[in-house]
Amino acid sequence: MSLEFRFQSVSTEYQKIQTELASLVENRTRLDAQLSENEMVKKEFAQLTPSNVVYKLVGPVLVPQEQNEAKTNVETRLEFIKSEIKRVDGQINDGEERSEKKKNEVLSLARFSQRQV
């Protein structure tokens, strides 16, 4: 395999990893927003009295929902979002490590090709 072809191949792999990282960071940002929203809902639920009515949006209609059921749903969502954040953080860390290795490989090939000239 020629040096030029190898360099092009490694550069393409590096760009692919960078694209994946950008997508993962976007997902992480979305999860942070969802976590924040659900934590605000949880705080609002903490201030409810037993006489307050909670509604759930089903399509275009607001339907009454039991407070305990609504609170449980929010807790479940929070747990899910937190586990997704951990998973995505792990993927980001892995991607950053792979990116760094590919970047070093690209730089090494670039230095080697400059020495050849």
Side-chain angles (χ1 to χ4, degrees):
M1 178 179 339
S2 75
L3 184 62
E4 184 178 328
F5 179 76
R6 176 78 177 131
F7 181 77
Q8 188 65 34
S9 174
V10 172
S11 294
T12 302
E13 290 173 22
Y14 177 70
Q15 289 172 344
K16 181 181 173 189
I17 292 170
Q18 291 293 55
T19 302
E20 290 172 9
L21 272 173
S23 175
L24 288 169
V25 168
E26 186 178 316
N27 288 344
R28 178 65 163 87
T29 302
R30 181 182 45 79
L31 287 168
D32 276 338
Q34 289 178 351
L35 181 66
S36 177
E37 290 171 7
N38 280 278
E39 285 175 342
M40 287 184 348
V41 170
K42 182 180 175 182
K43 286 179 185 174
E44 289 295 319
F45 280 174
Q47 298 174 5
L48 293 178
T49 63
S51 63
N52 293 126
V53 180
V54 175
Y55 293 93
K56 178 179 183 177
L57 185 63
V58 179
V61 180
L62 286 174
V63 179
Q65 185 179 28
E66 291 292 322
Q67 276 190 34
N68 288 337
E69 182 183 348
K71 288 178 182 180
T72 302
N73 288 344
V74 170
E75 285 294 333
T76 303
R77 258 186 267 133
L78 282 169
E79 289 172 17
F80 175 76
I81 292 167
K82 288 175 184 176
S83 70
E84 282 297 295
I85 286 173
K86 282 183 182 178
R87 186 182 65 79
V88 170
D89 282 347
Q91 290 177 327
I92 289 172
N93 289 336
D94 179 57
E96 287 172 343
E97 288 173 11
R98 290 184 306 136
S99 175
E100 191 63 30
K101 287 178 184 176
K102 281 296 172 196
K103 182 175 92 174
N104 289 337
E105 193 175 347
V106 167
L107 292 173
S108 176
L109 286 171
R111 282 192 293 267
F112 183 74
S113 70
Q114 286 177 347
R115 280 189 249 139
Q116 296 294 320
V117 174

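Worth knowing before you read on, the calculation uses all heavy atoms, side chains too, and leaves out hydrogens, waters and symmetry mates. If you're wondering where the values come from, they're calculated on a predicted model, not measured in any experiment.
For E69, the CD atom is densely surrounded, since the number of other residues' heavy atoms within 6.0 Å is greater than 12. With a 6.0 Å radius and a threshold of 12 heavy atoms from other residues, nucleotides or ligands, N68 has its CG atom at or below the threshold. More than 12 heavy atoms of other shown residues, nucleotides or ligands fall within 6.0 angstrom of atom CD in E96.
Judged by distance alone, the side chain of E39 and the main-chain N or O of L78 form no donor-acceptor pair under 3.5 Å. Side chain of S9 to backbone of F5: no donor-acceptor contact under 3.5 angstrom is found. The closest donor-acceptor contact from the side chain of S83 to the backbone of F80 lies under 3.5 Å. Of the possible polar contacts, none joining the S108 side chain to the N104 backbone as a donor-acceptor pair under 3.5 Å is found. At distances below 3.5 Å, not a single donor-acceptor pair connects side-chain atoms of N93 with backbone N or O atoms of G90.
At least one side-chain heavy atom of Q65 sits less than 4.5 Å from a side-chain heavy atom of N73. Considering only heavy atoms from C-beta on, R77 comes within 4.5 Å of V74 through its side chain. In this structure, S23 and N27 have side chains that are in contact, with non-hydrogen atoms separated by less than 4.5 Å. Between I85 and R28, the closest side-chain pair of non-hydrogen atoms falls below 4.5 Å.
Distance check, rounded to the nearest 0.5 Å: CG of L109 to CD of E4 gives 12.0 Å. The distance from the OG1 atom of T29 to the CG atom of L24 is 10.5 Å, given to the nearest 0.5 Å. With values rounded to the nearest 0.5 angstrom, E66 atom CD is found 11.5 Å from K71 atom NZ.
Across every non-hydrogen atom of G95 and I17, the tightest pair is O-CG2, 3.6 Å. Across all their heavy atoms, Q18 and S99 have their closest contact at OE1-OG, 3.3 Å.
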Exercise. Taking it one step at a time, do V106 and F7 satisfy side chain to side chain contact (heavy atoms under 4.5 Å, CB included)?
Worked result: CA-CA 7 Å; V106 167; F7 181 77; 3.8 Å; yes
For this session: Begin from the C-alpha positions of R6 and E105 and carry the test salt bridge (Lys or Arg N to Asp or Glu O under 4.0 Å) through to its verdict.
Result: CA-CA 10 Å; R6 176 78 177 131; E105 193 175 347; 2.3 Å; yes
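Ion pairing between E13 and K16 fails under the 4.0 Å rule for side-chain N and carboxylate O. Under 4.0 Å is where a charged nitrogen must lie from a carboxylate oxygen, and between E84 and R87 at least one such pair does.
Tracing side-chain contacts under 4.5 Å through hydrophobic residues (I, L, V, M, F, W, Y), one reaches V10 starting from F112; they form part of the same cluster. In this structure, L48 is a member of the same hydrophobic cluster as V41, with clusters built from ILVMFWY side-chain heavy atoms closer than 4.5 Å. Tracing side-chain contacts under 4.5 Å through hydrophobic residues (I, L, V, M, F, W, Y), one reaches L57 starting from V53; they form part of the same cluster. V25 and L31 fall within the same hydrophobic cluster, where Ile, Leu, Val, Met, Phe, Trp and Tyr residues are linked whenever their side-chain heavy atoms come under 4.5 Å apart, directly or through other members.
For R98, the salt bridge (Lys or Arg N to Asp or Glu O under 4.0 Å) test picks out E20, D94, with sequence neighbours left out. With sequence neighbours left out, the salt bridge (Lys or Arg N to Asp or Glu O under 4.0 Å) criterion links E100 to K103.
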